[in-house]
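First up is the structure itself, then whatever we jot down about it.
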Amino acid sequence: MYDIQSIYQATSVDDAIRALQADPSALVIAGGTDVLIKIREGKLAGCSLVSIHNLTDELSGVTLSPGGDVEIGPLTTFRGVTFSDVIRQTVPVLGEAADMAGGPQLRAAGTIGGNVCNGITSADTASTLVALDAVLRVRGPRGTREVPISEWYQGVGRVALAPYELLVKIIIPRDNYAGYTGHYIKYAQRAAMDIATLGVSCLVKLTDDKKTVDDAALAFGVAGPVPMRAPSAEAAVRGLPIEEAIAVIGKAALADVNPRTSWRASKEFRIQLIEELSPRALREAARKGGADV
């Protein structure tokens, strides 16, 4: 049983916004894989909910804009991201990351929007979206605005949604993925259905001869309080032959991270993972791009 005071089934995005304004204490629920667990545990007992679960026409699906930007509706499930033809043709690394969230049941119900809006650093899609410099389009009483993902995460469990706003689109600009290949690694205490102890996503663009790093993006989950890029590591590998880049990226990334000790792992172990997994991710991303590594 779930201790819920009330639930309102929104009929449109604008209707959901009006419902949130009418009840400022209400919480948004979509797939429910996060919110319902907290209610069952008593953390959100007696809450009011505004459900956007049925707004699939407005908020679900993956499309390609005329300019080549990938546009993802926040109600798209993890499974929907993984098996999207658009994702597979443009940013397959995001589909790979989505396919590592929980088990099959969660991936069939949980949404990428919920994964982004819960503000949790261990969210499996978060580090890849950060590496891709995604843009979050939100709508509220004052209209629509776009937030770069670099400004989205405000702290543990906090994102840049203003009161009564909803995430309505996740946008990956074409320039941020065209010519890049990527790889995501999730390290967890067990192989399946576990929260990441550390996540690392690496994108690389190779020179035409496939021997040198032209550009790279490296991002982490659980390497700090929010998902984060590693600009020092990215700068360190640009222009290097691939094997040299692989040799230096792990150590260089340590200048950008600030992991903590938790019951899952010590700070020291996470630092070891960052140093070890960063070159693995770069090597595999480069291999996917045609490098002989």
Side-chain angles (χ1 to χ4, degrees), residues 31 33-34 37 72 76-84 87-88 91-112 114-116 118-132 134 149 153 156 170 180-204 216-230 233 246 249-250 253-254 256-288:
T33 56
D34 189 32
I37 290 173
I72 307 170
T76 308
T77 64
F78 294 113
R79 177 180 171 83
V81 172
T82 299
F83 290 97
S84 161
I87 294 294
R88 288 177 166 180
V91 283
V93 61
L94 182 60
E96 295 166 8
D99 201 38
M100 294 186 187
Q105 297 92 337
L106 182 141
R107 293 194 293 271
T111 65
I112 189 171
N115 211 220
V116 169
N118 65 18
I120 303 301
T121 185
S122 60
D124 283 300
T125 61
S127 55
T128 299
L129 289 171
V130 168
L132 287 163
I149 201 164
Y153 294 99
V156 178
I170 300 168
Y180 291 83
T181 48
H183 188 64
Y184 173 71
I185 298 174
K186 174 180 181 175
Y187 183 93
Q189 292 184 348
R190 54 182 181 156
M193 298 179 66
D194 201 2
I195 294 172
T197 302
L198 188 92
V200 55
S201 190
C202 184
L203 307 177
V204 64
L218 184 68
F220 296 99
V222 210
V226 298
M228 56 176 51
R229 286 280 288 269
I246 291 169
I249 193 171
L254 299 183
D256 300 309
V257 298
N258 184 29
R260 68 181 180 90
T261 294
S262 72
W263 69 268
R264 292 184 181 277
S266 67
K267 175 178 180 177
E268 291 75 17
F269 183 54
R270 286 194 168 100
I271 287 174
Q272 181 181 347
L273 288 175
I274 289 163
E275 193 168 357
E276 176 65 28
L277 297 183
S278 298
R280 291 190 192 185
L282 175 57
R283 180 182 294 277
E284 184 61 15
R287 186 196 66 78
K288 292 176 180 177

Requested in this report: Compare all side-chain heavy atoms of Leu198 with those of Leu277 and state whether any distance is below 4.5 angstrom.
Outcome: yes

**Report entry** Candidate list Ile87, Ile170, Thr82, test side-chain contact (heavy atoms from CB on, under 4.5 Å), partner Leu94, passing option
**Finding:** Ile87

Requested in this report: Give the minimum heavy-atom separation between Ile195 and Ser122, together with the two atoms involved.
Outcome: CG2-OG, 3.3 Å

Query - Partner residues of Thr125 under the side-chain hydrogen bond (donor to acceptor under 3.5 Å, both in side chains) criterion, sequence neighbours left out - result: Asn115

Query raised in the report: Side chains of Ser201 and Val93: closer than 4.5 Å at any heavy-atom pair?
Result: yes

**Report entry** Partner residues of Glu276 under the side-chain contact (heavy atoms from CB on, under 4.5 Å) criterion, sequence neighbours left out
**Finding:** Arg280

Query raised in the report: Quick one: does Lys186's side chain have a donor or acceptor within less than 3.5 Å of a partner on Met100's backbone?
Result: yes

Report summary line: Across all chains, not counting sequence neighbours, the ring-ring contact (aromatic ring centres under 6.0 Å, His included) partners of Phe269 are Tyr187

Report task. Walk me through it: do Lys288 and Glu96 pass the test salt bridge (charged side-chain N to carboxylate O under 4.0 Å, His left out)? Result -> CA-CA 13 Å; Lys288 292 176 180 177; Glu96 295 166 8; 3.0 Å; yes

**Report entry** By side-chain contact (heavy atoms from CB on, under 4.5 Å) - contacts of Asp256 (at least two apart)
**Finding:** Ala230, Pro231, Ser232, Ala233

**Report entry** All side-chain contact (heavy atoms from CB on, under 4.5 Å) counterparts of Thr76, not counting sequence neighbours
**Finding:** Ser60, Val62, Ile72, Val81, Ile112

Query raised in the report: Under 4.5 Å between any side-chain heavy atoms of Thr121 and Val156, yes or no?
Result: no

Please list every donor-acceptor pair under 3.5 Å in which a side-chain atom of residues 216-229 meets a protein atom from a residue at least two apart or in another chain.
residue, atom, partner, partner atom, Å
Arg229, NE, Glu234, OE2, 2.6
Arg229, NH1, Val130, O, 3.4
Arg229, NH1, Asp133, OD1, 3.4
Arg229, NH1, Asp133, OD2, 3.4
Arg229, NH2, Glu234, OE1, 3.1
Arg229, NH2, Glu234, OE2, 3.2

Query raised in the report: Of all residues at least two apart in sequence or in a different chain, which pass the side-chain hydrogen bond (donor to acceptor under 3.5 Å, both in side chains) check with Arg287?
Result: Glu284

Requested in this report: With sequence neighbours excluded, give me every salt bridge (charged side-chain N to carboxylate O under 4.0 Å, His left out) pair touching residues 258-273.
Outcome: Asp194-Arg264

Query - Criterion side chain to side chain contact (heavy atoms under 4.5 Å, CB included) on Leu106 and Phe78, from CA distance to verdict - result: CA-CA 8 Å; Leu106 182 141; Phe78 294 113; 3.6 Å; yes

Query raised in the report: So do the side chains of Arg283 and His183 get within less than 4.5 Å of each other, counting heavy atoms only?
Result: no

Query raised in the report: Got a sec, which residues hit side-chain hydrogen bond (donor to acceptor under 3.5 Å, both in side chains) with Gln272, two or more places apart in sequence or on another chain?
Result: none

Query raised in the report: Any idea which heavy atoms bring Thr33 and Ala109 closest together, and the distance?
Result: CG2-CB, 4.0 Å

**Report entry** With Asp99 via salt bridge (charged side-chain N to carboxylate O under 4.0 Å, His left out) - residues at least two apart
**Finding:** Arg107

Requested in this report: Could you tell me whether the side chain of Val116 reaches within less than 4.5 Å of the side chain of Tyr153, counting heavy atoms only?
Outcome: yes

Requested in this report: Name all residues meeting the side-chain hydrogen bond (donor to acceptor under 3.5 Å, both in side chains) criterion together with Tyr184; count only those two or more places apart in sequence or in a different chain, and write none if there are none.
Outcome: Asp124

Requested in this report: Might you point out which heavy atoms bring Pro279 and Ile246 nearest each other, and give the distance in Å?
Outcome: CB-O, 3.3 Å

Query raised in the report: Would you find more than 12 non-hydrogen atoms of other residues, nucleotides or ligands less than 6.0 Å from Arg79 atom CZ?
Result: no

Query raised in the report: What pair of heavy atoms forms the shortest contact from Thr111 to Gly114, and how long is it?
Result: OG1-N, 3.0 Å

